[in-house]
Amino acid sequence: MILYPAIDLKDGNAVRLLHGEMDKETVFNENPAAQAMEFVNAGCEWLHLVDLNGAFAGEPVNAAPVEEILKQTNVPAQLGGGIRDMATIARWIDKGLSRVILGTVAVENPNLVREAAKEFPGKVAVGIDARNGKVATKGWAEETDVMVTDLAKSFEDAGVAAIIYTDIMRDGAMKGPNVEATAALAQAVSIPVIASGGVSSLEDLQALKDCGATLNGAISGRALYDGAIDLAEALALLKA
């Protein structure tokens with residue numbers, strides 16, 4: 001399993017939100033690139049970046065700090081938030097991004113996901129953010145009637161690199177991930193699944209590792225910033 005340290009970008013800063021609500025933010029670092037280097041120097045092998053403003057705006061907003069992170073670090077990074085057309089996807093991959101995460105468009109324009117996955121093999125992930133088993137879009141502000149597993153299964157033959165599954169009610173709350181739902185999704189599809197939302201201790205990582213399904217990895221944000229998870233210990237645990 002891969003541990004993906006999360007850098008959520010809002011107004012140029014590295015922040016964490018509670019339950020994805022934009023007015024419930026904690027600023028952890030005003031220099032996101034420096035934060036990224038901290039994670040890299042501690043041994044992380046990937047970075048997970050989110051343009052929070054972009055998720056609401058429908059277009060990249062925090063491009064400058066993302067570009068700075070890509071310039072300064074030497075590990076692969078994935079980015080979600082406001083990536084909703086082929087031109088934006090191509091631009092980010094040209095700038096050195098290893099993987100784009102398509103969330104809202106996966107619901108609204110699934111053909112774009114298929115086209116992008118074909119055009120950029122191994123570089124397109126689908127972000128599925130759920131509240132009570134149903135997919136939420138547009139920065140989690142809008143709830144749909146689409147069930148998580150149905151959406152995931154619809155991309156089985158599309159060639160997407162991974163599905164990033166977030167339980168919104170666990171995100172930023174330090175209450176543990178939804179292990180059961182994550183495992184059920186991973187067992188339902190052949191696409192690699194990355195767990196996100198609520199990963200707040202080494203015990204949580206162990207539970208995901210032992211969940212009975214093979215997960216590609218787990219994303220953690222607040223717990224790393226707060227020191228609840230020691231990055232070196234976490235990396236060692238997931239490699240064991």
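Note that the coordinates shown come from a computational prediction; the quantities given were computed from them, not determined experimentally.
- Among the candidates Thr166, Asp167, Asp129, the single residue satisfying the side-chain hydrogen bond (donor to acceptor under 3.5 Å, both in side chains) test with Ser196 is Thr166.
- Residues satisfying the ring-ring contact (aromatic ring centres under 6.0 Å, His included) criterion with Tyr165, sequence neighbours excluded, are absent altogether.
- Counting side-chain heavy-atom gaps under 4.5 Å among Ile, Leu, Val, Met, Phe, Trp and Tyr, Val61 is found in no cluster with other residues.
- For Tyr225, the ring-ring contact (aromatic ring centres under 6.0 Å, His included) partners two or more places apart in sequence, or in a different chain, are Phe28, Phe39.
- In this structure, CD on Glu115 lies 10.5 Å from CG on Asp85, to the nearest 0.5 angstrom.
- Here the CZ-CD1 distance, from Arg222 to Ile229, works out to 12.5 Å after rounding to the nearest 0.5 Å.
- Residues that satisfy the side chain to side chain donor-acceptor pair (under 3.5 Å) test with Lys138, not counting sequence neighbours, are Glu108.
- For Arg84, there are no salt bridge (Lys or Arg N to Asp or Glu O under 4.0 Å) partners, not counting sequence neighbours.
- Residues meeting the salt bridge (Lys or Arg N to Asp or Glu O under 4.0 Å) test with Lys123, sequence neighbours left out: none.
- With sequence neighbours left out, the salt bridge (Lys or Arg N to Asp or Glu O under 4.0 Å) criterion links Glu59 to no other residue.
- Listed by chain and number, the residues in a side chain to side chain donor-acceptor pair (under 3.5 Å) with Glu203 are Ser201 (sequence neighbours excluded).
- For the side chain to side chain donor-acceptor pair (under 3.5 Å) condition, the pairs that include at least one residue of residues 36-47, sequence neighbours left out, are Glu45-Lys239.
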Residues 72-81, side-chain donor-acceptor partners within the protein, below 3.5 Å, at least two apart:
from, atom 1, to, atom 2, distance (Å)
Gln72, NE2, Glu68, OE2, 2.8
Thr73, OG1, Ile69, O, 2.7
Gln78, OE1, Arg99, NH1, 2.7
Gln78, NE2, His48, ND1, 2.9

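- Atom NZ of Lys209 has more than 12 heavy atoms from other residues, nucleotides or ligands within 6.0 Å.
- Judged purely by atom type and a 3.5 angstrom limit, Arg170 has no side-chain atom pairing as donor or acceptor with the backbone of Gly197.
- Listed by chain and residue number, Asp210 satisfy the side chain to side chain donor-acceptor pair (under 3.5 Å) test with Gln206 (two or more places apart in sequence, or in another chain).
- Of the possible donor and acceptor atoms, none in the side chain of Asn13 sits under 3.5 Å from a partner among the backbone N and O of Val15.
- Note: Lys71 NZ to Lys95 NZ = 8.5 Å, rounded to the nearest 0.5 Å.
- Atom CG of Leu215 is separated from atom CD1 of Ile2 by 11.5 Å, given to the nearest 0.5 angstrom.
- Looking at residues two or more places apart in sequence or on another chain, you find no salt bridge (Lys or Arg N to Asp or Glu O under 4.0 Å) involving Lys153.
- At least one donor-acceptor pair under 3.5 Å links the side chain of Asp51 to the backbone N or O of Asn62.
- Proximity of a side-chain donor or acceptor of Asn53 to a complementary backbone N or O of Asp11 within less than 3.5 Å is detected.
- Among all heavy-atom pairs drawn from Ser220 and Leu3, the shortest one is CB-CD1, 4.3 Å.
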